[in-house]
2 protein chains.
Amino acid sequence: MSRPSSKDTILDAAESVVRESGAVHMTLDAVAERAGVSKGGLLYNFPTKESLLEAMIARQVGRCEANRAEAEEKAGGDPTVKLRSYVDTALQLEGGMRETCAPLLAAGANNPKLLDPVREHYRKLIAELQDPAINFDDAMVVMLASDGLWLLEMLQIFPLDDAQRARLHAKLLALSDQTVQKRK
Amino acid sequence: MSRPSSKDTILDAAESVVRESGAVHMTLDAVAERAGVSKGGLLYNFPTKESLLEAMIARQVGRCEANRAEAEEKAGGDPTVKLRSYVDTALQLEGGMRETCAPLLAAGANNPKLLDPVREHYRKLIAELQDPAINFDDAMVVMLASDGLWLLEMLQIFPLDDAQRARLHAKLLALSDQTVQKRK
DNA sequence: GAAACTTTACCGGCTAGACGGTTTTCTACC
DNA sequence: GGTAGAAAACCGTCTAGCCGGTAAAGTTTC
């Protein structure tokens, strides 16, 4: 790692290109130019376009995980915290997140292999929810609803106004809390 | 309408190509060949590739609507029927539905315009749920959870075993029923 | 001086769409 | 009802542009 940030510079550039034109139009030439690197230099760091996309998705997942880790740290050992932080993470689409994620979602839908980091993320999350203090099915519903909302906003299927959105958010958090009492 | 089914034949062909190679690799040549039509003939019916994709998505949405309409007809005027039929429709991914929908989802994520028929579908559904007998927020959660499950299975993020899936399905239906009593 | 890194120049393949021509179907008129 | 002419449907080819990836020749760093 003599030039520590070469890969990161390229990933930043790729993200900004994706944000502007979508993953389909993300060409190696465009990314290289944006990164201030030649095409050969780009391919030295990421031997194939697929490997570049994979790294982009992995980085995005990493951001979500960092988000959640931070939220959990703030909130001690309460088992519903995991769920609450998941809801929060799914619902906060800040700073061009949508523009970045939608094309990556598209790329992932076309090439399942790209989504491996996401799969791993879910695997861990579900393992965490296998907690005797939590009603698993209830927790799943909350998780799935968060994902559904994430999807619909990502695809701009319907634009919720702030009030509706806040109500839904609150409702999902309330349901998160309920999962912990309900053990049969 | 001398040749009534020319467009449908092409759409069938396009679907089968998509199912095999994904929307990205769905080339006009491939579709034309599969449909037993020349490229010129294809472009006569669908002037651009985009218009073809749009028609494919519209047809898929139409199928879902037909599904729901049928379910609702069977079940009289109970207001939760709408929600129950939505859950059922979202959860039944039969006969290559996944292989067809995932690439279309990808195409839609890249080109928001393609999703217009989907937007319209949701608009109608949400209008239907604005029923004084139904707790709207509860209904939304059920709807979103169905969509979330649909997404995760579509992307093969995690494969539920039949038992888990059936439990979740039952739970979502139960929640559908609850939306009708809970009015504050 | 060798290994890591970067550049420039280039290639081969693919694809959307245009275009000019051909066949089939419809319409109208005698 | 037959024929002519218009319109619709369809065909096959061509092409310009793009894009991922290679190859070989520098350049920097240790």
Side-chain angles (χ1 to χ4, degrees), chain A residues 1-58 103-104 106-115, chain B residues 1-59 103-104 106-114:
Chain A
M1 289 228 192
S2 48
R3 302 277 175 75
S5 59
S6 192
K7 279 192 162 66
D8 279 327
T9 307
I10 291 171
L11 285 175
D12 289 339
E15 239 170 54
S16 86
V17 170
V18 158
R19 229 174 290 136
E20 286 167 26
S21 347
V24 181
H25 303 293
M26 181 193 94
T27 67
L28 296 185
D29 291 280
V31 175
E33 191 189 343
R34 184 69 58 97
V37 159
S38 76
K39 196 174 179 178
L42 166 60
L43 283 164
Y44 178 80
N45 287 283
F46 299 97
T48 68
K49 190 181 187 179
E50 191 183 26
S51 72
L52 175 59
L53 279 167
E54 216 175 320
M56 293 173 74
I57 290 178
L104 291 180
N110 279 308
N111 182 351
K113 185 171 175 268
L114 294 177
L115 294 177
Chain B
M1 291 230 196
S2 47
R3 303 277 176 75
S5 58
S6 191
K7 278 193 165 64
D8 279 327
T9 308
I10 290 172
L11 286 174
D12 289 339
E15 238 170 54
S16 87
V17 170
V18 159
R19 227 174 292 135
E20 285 167 26
S21 352
V24 181
H25 304 293
M26 181 193 91
T27 67
L28 295 185
D29 291 281
V31 174
E33 190 190 344
R34 183 71 57 98
V37 158
S38 77
K39 197 170 180 178
L42 167 60
L43 284 165
Y44 176 82
N45 287 283
F46 299 97
T48 66
K49 191 179 186 180
E50 191 183 25
S51 72
L52 175 59
L53 280 167
E54 215 173 322
M56 292 174 74
I57 290 178
R59 194 164 78 153
L104 291 180
N110 279 310
N111 183 351
K113 186 172 174 268
L114 294 177

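Since the structure is predicted, the reported quantities are computational estimates derived from the model, not experimental observations. All chains are named by letter (A, B, ...) in the order of the sequence lines, taking the proteins before the strands, and each is independently numbered beginning at 1.
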Without placing hydrogens or testing angles, list every side-chain donor-acceptor pair under 3.5 Å for residues 25-32 of chain A, not counting sequence neighbours.
unit_1  : atom_1 : unit_2  : atom_2 : d
A/Thr27 : OG1    : A/Ala30 : N      : 3.1
A/Asp29 : OD2    : A/Lys39 : NZ     : 3.3

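Within the 4.5 Å cutoff, the side chain of A/Leu104 has heavy atoms near those of the A/Leu53 side chain. Taking 4.5 Å as the limit, every side-chain heavy atom of B/Val24 sits out of range of all side-chain heavy atoms of B/Pro103.
For the pair B/Leu42 CG and D/dG12 P, the interatomic distance rounds to 13 Å; values are reported in whole Å.
Rounding to the nearest 0.5 Å places CD1 of B/Ile10 at 4.5 Å from OG of B/Ser6.
Checking the phosphate oxygens (OP1, OP2) of D/dA9, a side-chain nitrogen or oxygen of B/Tyr44 falls inside 4.0 Å. Residue B/Asn45 places at least one side-chain N or O closer than 4.0 Å to OP1 or OP2 of D/dC10.
Of all the heavy atoms in B/Val18 and B/Ala23, the pair that sits closest is CG2-CA, 4.1 Å. Contact between B/Ala35 and B/Thr9 at its shortest, heavy atoms only, is O-CG2, 3.9 Å.
Listed by chain and number, the residues in a side chain to side chain contact (heavy atoms under 4.5 Å, CB included) with B/Ser51 are B/Phe46, B/Pro47, B/Thr48 (sequence neighbours excluded). With sequence neighbours excluded, the residues forming a salt bridge (Lys or Arg N to Asp or Glu O under 4.0 Å) with A/Glu20 are A/Arg34, listed by chain and number.
Contact check of residues 21-33 of chain B against DNA chain D (heavy atom, cut-off under 4.0 Å) returns no residues at all. For the segment residues 46-59 of chain B, residues with any heavy atom less than 4.0 angstrom from an atom of DNA chain C are, sorted by number, B/Thr48, B/Lys49. Sorted by residue number, the members of residues 34-41 of chain A with any non-hydrogen atom under 4.0 Å from DNA chain C read A/Val37, A/Ser38, A/Gly40, A/Gly41.
Residue pairs meeting the salt bridge (charged side-chain N to carboxylate O under 4.0 Å, His left out) criterion with at least one member in residues 40-58 of chain B, sequence neighbours excluded: B/Glu54-B/Lys113.
Salt-bridge annotation for B/Asp12 and B/Arg59: present, with a side-chain N of the basic residue lying under 4.0 Å from a carboxylate O of the acidic one.
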